[in-house]
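All remarks here apply to the structure that follows.
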Amino acid sequence: MDYRDEVFLTVAENLSFSKAAEELYISQPAVTKHIKELESKLEVALFERKGNKVYLTQAGKLVYRQLKQIRQQYHEMAFELGRLNQAYKGNLRIGASSTIAQYLIPEVLAAFHRRFPDIKLDLLNGNSQEMEQKLLNQEIELALVENDSSQTNIRYQSFLGDEIVVVTGSQSVYGKRKTLAVTDLQQIPLVLRERGSGTLEVIRHALIRHNLTLDSLNILIHLGSTEAIKNFLTNFDGIAFVSEKSIEKELLLKSMVKLQVKGLHIPRQFRIASRLGHENNTQQLFQNFLLQYNF
C-alpha cells in the first residue's frame with residue numbers, strides 16, 4: 001500500500017476530509033491532492049459531495065472494501081515478520097463498554113503495551129450496544145461488553161465475573177440501612193444507567209425474575225456513566241445499581257454504602273465480543289493476554 005491508499009482509507013472511515021487531515025497530521029489541501037491523484041490513477045471518482053457531506057461512490061465502496069483487506073494483510077505480514085524476531089508488530093482497535101473502559105481495561109492495556117510495545121492500540125468506549133454496532137461495522141476488531149444478550153454474527157467469550165450491587169451515599173437517609181426488600185425498589189428514588197447500557201440490560205433481566213419491570217421502579221433519572229451516578233449519589237437521598245468493580249475506592253473511603261436486597265443477586269460476566277469468521281493474529285494475541293490476566 002502507498003500513502004495515497006492510507007489517506008483514502010482515512011477519509012472513507014471518517015467521511016470527512018478535515019477529520020482525515022487531523023488524524024493524519026497533514027493539511028486538508030494535502031488530503032485533497034492525494035485523493036485526486038488516486039482517482040486519476042484508478043480513473044474513477046471515489047467520493048461525491050451532497051451539501052456539506054461526503055459520501056463514497058459505488059466505485060469508492062468497492063475500493064474501500066478491497067483496500068481494507070489489503071491493509072489487514074499488511075498488518076498480518078508485519079505481525080508474522082515480527083514474530084520471527086520475537087518482536088510483535090501490528091495495530092488493534094478495541095471498543096469497551098463504559099464500566100470496562102473506566103475501571104478494568106486501562107491497566108490491562110498498560111501491561112500489554114509493556115509486553116508488546118510495537119503493537120499500536122486504539123480504545124473507543126461507549127455503552128455495550130454501541131460497541132457491538134461498531135464491531136459489526138468493522139470499526140473495531142474486538143468489543144469488551146457487559147450486557148448479557150447476544151447478537152448473531154458475534155462470538156462471545158467471558159473473561160471476568162462481576163456483580164451489580166445496590167449502593168447509596170454514606171450521608172443519605174438510606175445509608176444507615178443494611179438491607180432492603182425487593183419491593184422497596186418501587187418506593188425509594190433510584191438512579192440508573194442510560195438505555196443501551198449493558199448494566200441496565202442485566203438489571204432488567206434480573207428484575208423480571210422477581211416479576212418487576214423497570215417501569216415499576218421509582219426511577220428519578222438515567223445517567224450516562226457510572227462516575228456520573230456516583231457523583232450524583234453524594235447529594236441524593238436515594239439508591240443506585242452499579243458494578244461492584246466500580247466502587248472499591250468509595251467503599252474503602254466509606255463515602256458510599258452497599259445495601260443488600262433480600263433475594264436479589266445480580267451476577268454477570270464481562271465478555272470479549274468478536275465478529276464470526278477470520279481473527280487476525282494481533283487480535284488473538286490480545287484475547288489470550290486478557291484471558292490470562294490476573295485481575
Side-chain angles (χ1 to χ4, degrees), residues 92-113 115-116 119 121-167 192-210 225-227 229 240-248 251 258 261 263-295:
L92 184 63
R93 299 169 300 174
I94 302 167
S97 63
S98 301
T99 300
I100 296 171
Q102 188 141 26
Y103 303 106
L104 293 175
I105 205 61
E107 66 176 71
V108 179
L109 296 180
F112 185 83
H113 175 70
R115 176 67 180 84
F116 306 104
I119 294 180
L121 297 171
D122 289 304
L123 178 67
L124 287 77
N125 74 282
N127 63 45
S128 294
Q129 194 174 82
E130 291 167 344
M131 292 303 100
E132 287 180 335
Q133 193 56 53
K134 286 186 179 297
L135 182 67
L136 292 172
N137 292 343
Q138 300 187 33
E139 297 175 50
I140 55 177
E141 281 78 52
L142 286 176
L144 307 178
V145 297
E146 55 194 86
N147 55 350
D148 58 7
S149 62
S150 298
Q151 289 202 46
T152 55
N153 300 322
I154 294 181
R155 177 192 299 109
Y156 297 89
Q157 185 172 14
S158 298
F159 70 91
L160 185 67
D162 183 36
E163 184 175 352
I164 295 173
V165 295
V166 174
V167 295
L192 291 174
R193 283 287 304 278
E194 83 287 1
R195 289 171 178 80
S197 155
T199 297
L200 188 64
E201 180 186 299
V202 174
I203 293 167
R204 182 172 62 82
H205 290 168
L207 291 173
I208 287 172
R209 294 193 289 271
H210 290 269
S225 73
T226 301
E227 282 301 298
I229 289 175
F241 283 96
V242 296
S243 163
E244 193 168 38
K245 303 286 187 212
S246 72
I247 55 167
E248 293 175 352
L251 293 179
K258 184 166 68 171
V261 181
L264 184 65
H265 178 53
I266 313 180
R268 66 169 171 185
Q269 292 290 317
F270 292 133
R271 300 182 296 167
I272 304 168
S274 57
R275 290 185 299 276
L276 293 176
H278 177 68
E279 294 181 353
N280 66 53
N281 293 320
T282 311
Q283 179 181 333
Q284 292 172 346
L285 185 70
F286 182 81
Q287 284 184 232
N288 291 337
F289 187 88
L290 179 58
L291 291 168
Q292 295 167 17
Y293 190 80
N294 184 24
F295 286 96

Evaluate the side-chain proximity of [Y] to [X]: yes if any heavy-atom separation is below 4.5 Å, no if none is.
| X | Y | answer |
| --- | --- | --- |
| Asn153 | Arg275 | no |
| Val165 | Phe241 | no |
| Leu142 | Ile272 | yes |

Under 3.5 Å donor-acceptor, [X] side chain and [Y] backbone:
| X | Y | result |
| --- | --- | --- |
| Ser158 | Leu160 | no |
| His265 | Ala206 | no |
| Tyr156 | Val145 | no |

Please round to the nearest 0.5 Å and tell me the distance separating atom [atom1] of [X] and atom [atom2] of [Y].
| X | Y | atom1 | atom2 | answer |
| --- | --- | --- | --- | --- |
| Gln283 | Leu92 | CD | CG | 7.0 Å |
| Ser97 | Asn125 | OG | CG | 9.0 Å |
| Glu130 | Leu135 | CD | CG | 13.5 Å |
| Asn281 | Ile119 | CG | CD1 | 9.5 Å |
| Ser197 | Ile203 | OG | CD1 | 7.0 Å |
| Phe159 | Leu291 | CZ | CG | 8.5 Å |

Report the residues that fulfil side-chain contact (heavy atoms from CB on, under 4.5 Å) with [X], sequence neighbours left out, ordered by chain and then residue number.
| X | result |
| --- | --- |
| Leu123 | Ile94, Ala96, Ile105, Leu109 |
| Arg204 | Glu201, Ile208, Leu214 |
| Thr226 | Thr99, Tyr103, Arg193, Lys230, Val242, Ser246 |

Those residues at least two apart in sequence (or on a different chain) that pass salt bridge (Lys or Arg N to Asp or Glu O under 4.0 Å) with Arg268 are Glu146, Asp162
Glu107 meets the salt bridge (Lys or Arg N to Asp or Glu O under 4.0 Å) criterion, sequence neighbours left out, with none
**Request:** For the pair Ser128 and Phe270, evaluate side-chain contact (heavy atoms from CB on, under 4.5 Å) and give the outcome as yes or no after the intermediate values.
**Result:** CA-CA 10 Å; Ser128 294; Phe270 292 133; over 6 Å; no
**Test log, rule side-chain contact (heavy atoms from CB on, under 4.5 Å), inputs Leu290 and Leu144** = CA-CA 10 Å; Leu290 179 58; Leu144 307 178; 3.8 Å; yes
Taking side chain to side chain donor-acceptor pair (under 3.5 Å) as the test, write out the residues that go with [X], two or more places apart.
| X | value |
| --- | --- |
| Asn147 | Glu132, Arg271 |
| His113 | none |
| Gln138 | Lys68 |
| Glu244 | Lys258 |

Contacts satisfying salt bridge (charged side-chain N to carboxylate O under 4.0 Å, His left out) that involve residues 134-144 (not counting sequence neighbours) are Arg93-Glu141, Lys134-Glu139
Contacts of Phe112 meeting ring pair (Phe, Tyr, Trp, His ring centres under 6.0 Å) (sequence neighbours excluded), chain-then-number -> Phe116, Phe286, Phe289
Practice task
Compute whether any side-chain donor of one residue and acceptor of the other, for Gln133 and Asn137, lie under 3.5 angstrom apart.
Solution key: yes
For [X] and [Y], work out which heavy atoms get closest and say how close.
| X | Y | answer |
| --- | --- | --- |
| Gly161 | Lys245 | O-CE, 3.3 Å |
| Leu136 | Thr152 | CD2-O, 4.4 Å |
| Asn280 | Thr282 | OD1-N, 3.1 Å |

